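What follows is a set of notes on a single structure, which appears directly below.
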Amino acid sequence: MDTLLLRRQSLAMETPKPSPKRPCCSATSGLNPKSTTSSNGFSSYIDHDVLLESFLGLSDSSFDLSFNRLLSSKASDSEQNDMINRALRLGSALLEAGKRSARARDSMHNAVVWALPSDLTIKVFSLLDTQSLCYAAVTSSFFKNCAADPACYANVDLITVVPRVNNVVVATMVHRAGNGLQSLKLGFVPGPLASSSGSSQPMVNFIRKSTDAAGFSWNDKRSRQGKEYSILTRSCLAPLNANNGTPGACLRRLHLYNIERLDNTALNAALSACPSLLDLEIVGLHVELRQTLESISKFCPLIERLFFESSKTGRDDSLKLPTCSDLVSNCPHLSSLALRGFKLHDYKARILAKGFRKLRYIDFSTSYSITGAFLKNLGGSVGGGLLQVLILRDCMHLKEVEVARLLAAVLAGDFGHLKYLDISNREGLVSEGDWYHRCYSPSFIPIVRLSEERPDLCVLAEFPLEGSFNDVEQHNNGDVNSEINSSSHLSSLASDSSSFMSASESSDSSDQGSGSEDSSFMYEESSDEVDQGSI
């Protein structure tokens with residue numbers, strides 16, 4: 001054994017030593033700098049985690065005392081200020097980290113506890129209104145993915161109380177819907193949006209003459225700065241024409257409220273992309289009645305409901321007979337027609353009321369030229385036989401004798417499907433032969449006979465107290481919106497009057513001059529004759 005050890009030592013002494021080499025990267029005795037840095041970084045992370053955990057374990061009182069002691073140990077004011085600033089930055093960073101973690105946990109929790117699969121979630125989301133859908137989309141990543149499905153945007157409702165939707169929002173919603181867009185509602189309506197089919201109150205409102213809760217005012221240039229992003233412009237409906245009109249191809253319902261900058265050119269371009277439109281509602285737009293009806297007649301042959309309220313009550317006299325005839329011929333499916341606030345003469349109203357064979361709803365409220373003569377022999381005709389709702393509220397030239405003739409026709413068996421009749425007038429009905437002599441009493445209405453023979457018919461006849469018309473005339477320079485919203489003095493319905501039948505029998509002929517322009521001077525006598533859209 002000793003001999004073997006001596007031999008190994010001698011061999012080791014005789015063998016030349018190799019030249020020194022660089023240590024291998026894998027050698028444990030020679031770690032490279034990168035590995036050293038990584039190891040130190042990991043250790044640093046561990047130290048930070050331990051330090052943060054200890055920091056979070058402090059009580060509020062001990063933390064406050066410790067910070068005050070450290071602050072007092074600093075000699076100069078600059079060092080103390082630096083410590084305070086660092087504490088504020090670290091506190092803010094810690095607060096943001098806590099908020100992000102809370103949102104991530106909530107998002108994960110919402111996705112885990114939600115019981116429905118994605119297809120049923122999309123179905124549920126498709127039943128939500130647009131605002132609720134946007135709220136749901138930010139609660140979790142799962143909801144966000146489901147809310148991005150085009151089926152959720154088939155019915156886009158962007159109506160607000162104050163202007164806060166711009167063109168980008170509209171374009172985004174229309175793009176998400178794609179060719180599945182079926183309903184689009186835009187604009188703003190201050191206050192609750194009443195159903196137009198059950199209310200005859202004007203829904204026209206103007207930004208320039210109102211200041212909303214957010215302080216928006218067109219008359220204040222300073223408040224206008226920074227608010228432009230929330231205003232819909234004339235190109236807000238341009239997305240309907242994108243991709244060769246694909247988004248508007250399947251659109252069934254289009255409601256537009258008080259979009260002041262939308263003009264006839266932009267509206268007509270949008271209607272040209274909506275061949276399947278069934279329901280069109282326009283309120284407070286600065287567009288002409290004749291041009292709009294021509295576009296509807298040309299591009300929307302399937303339309304069933306048209307609701308159009310003028311932005312300038314009593315000013316728009318653009319409607320012509322050929323336009324009425326074309327609308328009747330090209331839109332045979334129309335069953336609901338509302339033209340409010342236009343200069344609509346009786347002979348034009350008769351073409352519309354009698355021409356549409358499926359017409360069940362008529363609203364000519366605040367029409368300045370209608371006397372009621374268009375209703376003569378309408379109840380038994382093909383066009384008016386199916387009429388269920390007739391609203392002639394606040395028609396300045398509506399005559400008492402024409403209303404009496406209408407009620408006599410109802411009692412005689414005409415208008416068999418009529419369920420609702422509104423002849424209320426805040427300025428009273430026009431007496432026969434003298435426009436300035438107004439009727440403020442519903443005593444000519446045979447209430448007892450109507451209740452017995454037509455119990456299914458609701459007649460609304462609200463009139464002011466006698467002399468209120470003169471009071472209203474004196475305020476024709478006041479604010480139009482306040483006039484519209486002011487409540488009238490309503491008188492109770494009087495009992496049955498025996499003079500009704502004699503009055504109706506003595507009225508043998510209708511007013512042949514109802515369509516004449518000779519009475520244009522009368523419009524200037526109205527308290528409503530104020531240009532609401534003047535700039």
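Given the structure is predicted, the values throughout are model-derived calculations rather than measurements. Numbering starts at 1 and runs along the sequence shown.
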In sequence, state the C-alpha distance, the side-chain angles, and the governing distance for Lys376 and Glu402, and then conclude on salt bridge (charged side-chain N to carboxylate O under 4.0 Å, His left out).
CA-CA 8 Å; Lys376 186 177 181 180; Glu402 298 296 347; over 6 Å; no
Audit row: Phe342, Phe364, ring-ring contact (aromatic ring centres under 6.0 Å, His included) steps and yes/no:
CA-CA 8 Å; Phe342 297 98; Phe364 291 152; 9.9 Å; no
Given Lys343 and Asp317, is the salt bridge (charged side-chain N to carboxylate O under 4.0 Å, His left out) satisfied, shown in steps?
CA-CA 5 Å; Lys343 283 186 178 179; Asp317 191 21; 5.2 Å; no
Arg253 vs Ser183, test: side-chain hydrogen bond (donor to acceptor under 3.5 Å, both in side chains). Steps then yes/no.
CA-CA 4 Å; Arg253 182 184 297 108; Ser183 175; 3.3 Å; yes
Let's go through Leu321 and Lys348 carefully: what are the C-alpha distance in whole Å and the side-chain angles of both, what is the deciding distance for side chain to side chain contact (heavy atoms under 4.5 Å, CB included) to 0.1 Å, and is it a yes or a no?
CA-CA 6 Å; Leu321 281 177; Lys348 301 174 186 177; 4.1 Å; yes
Check the pair Arg305, Glu281 against side chain to side chain contact (heavy atoms under 4.5 Å, CB included), reporting the backbone distance first and the verdict last.
CA-CA 8 Å; Arg305 177 180 178 270; Glu281 187 162 326; 2.9 Å; yes
Would Phe125 and Ile122 count as a side chain to side chain contact (heavy atoms under 4.5 Å, CB included) if you check the C-alpha gap in whole Å, the side-chain angles of each, and the deciding distance to 0.1 Å?
CA-CA 5 Å; Phe125 282 1; Ile122 293 173; 5.6 Å; no
Using side chain to side chain contact (heavy atoms under 4.5 Å, CB included), reason through Leu293 and Asp326 one step at a time and then give a plain yes or no.
CA-CA 9 Å; Leu293 294 186; Asp326 291 342; over 6 Å; no
I'd like to know whether Asp456 forms a salt bridge (charged side-chain N to carboxylate O under 4.0 Å, His left out) with Arg454, so could you lay out the CA-CA distance, the side-chain angles of the two residues, the decisive distance to 0.1 Å, and finally the verdict.
CA-CA 5 Å; Asp456 58 335; Arg454 292 294 301 272; 3.4 Å; yes
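For Asn244, the CG atom sits in a loose shell: 12 or fewer heavy atoms of surrounding residues, nucleotides or ligands are nearer than 6.0 Å. When the shell of 6.0 Å around NE2 of His333 is examined, it contains more than 12 heavy atoms from other residues, nucleotides or ligands.
Checked against Met173 for a side chain to side chain contact (heavy atoms under 4.5 Å, CB included), the options Leu186, Thr130, Leu184, Val168 give a single hit: Thr130.
Side-chain atoms of Asp157 come within 3.5 Å of backbone atoms of Ile159 as a donor-acceptor pair (strictly under, hydrogens ignored). The main-chain N or O of Thr366 is never found under 3.5 Å from a side-chain atom of Asp394 such that the two would form a donor-acceptor pair. Panel note: side chain Arg360, backbone His417; no donor-acceptor pair is recorded below 3.5 Å. Looking at Asp363, its side chain never comes within 3.5 Å of a backbone N or O of Arg340 through a donor-acceptor pair. Although no hydrogens or angles enter the test, the distance criterion places a donor-acceptor pair under 3.5 Å between the side chain of Asp129 and the main chain of Ser132.
The aromatic rings of Tyr347 and His345 sit parallel to each other, their planes meeting at less than 30°, with 60° as the upper class boundary.
Put simply, the side chain of Asn155 reaches to within 4.5 Å of the side chain of Gln182, judged on heavy atoms.
Rounded to the nearest 0.5 angstrom, Lys399 NZ and Ile370 CD1 are separated by 13.0 Å. Atom OH of Tyr420 and atom CD of Gln388 lie 14.0 Å apart (nearest 0.5 Å).
Between Arg393 and Glu462 there is a salt bridge, since a side-chain N of the basic residue sits under 4.0 Å from a carboxylate O of the acidic one.
For Lys298, there are no side chain to side chain contact (heavy atoms under 4.5 Å, CB included) partners two or more places apart in sequence or in a different chain. With sequence neighbours excluded, no residue forms a side chain to side chain contact (heavy atoms under 4.5 Å, CB included) with Ser451.
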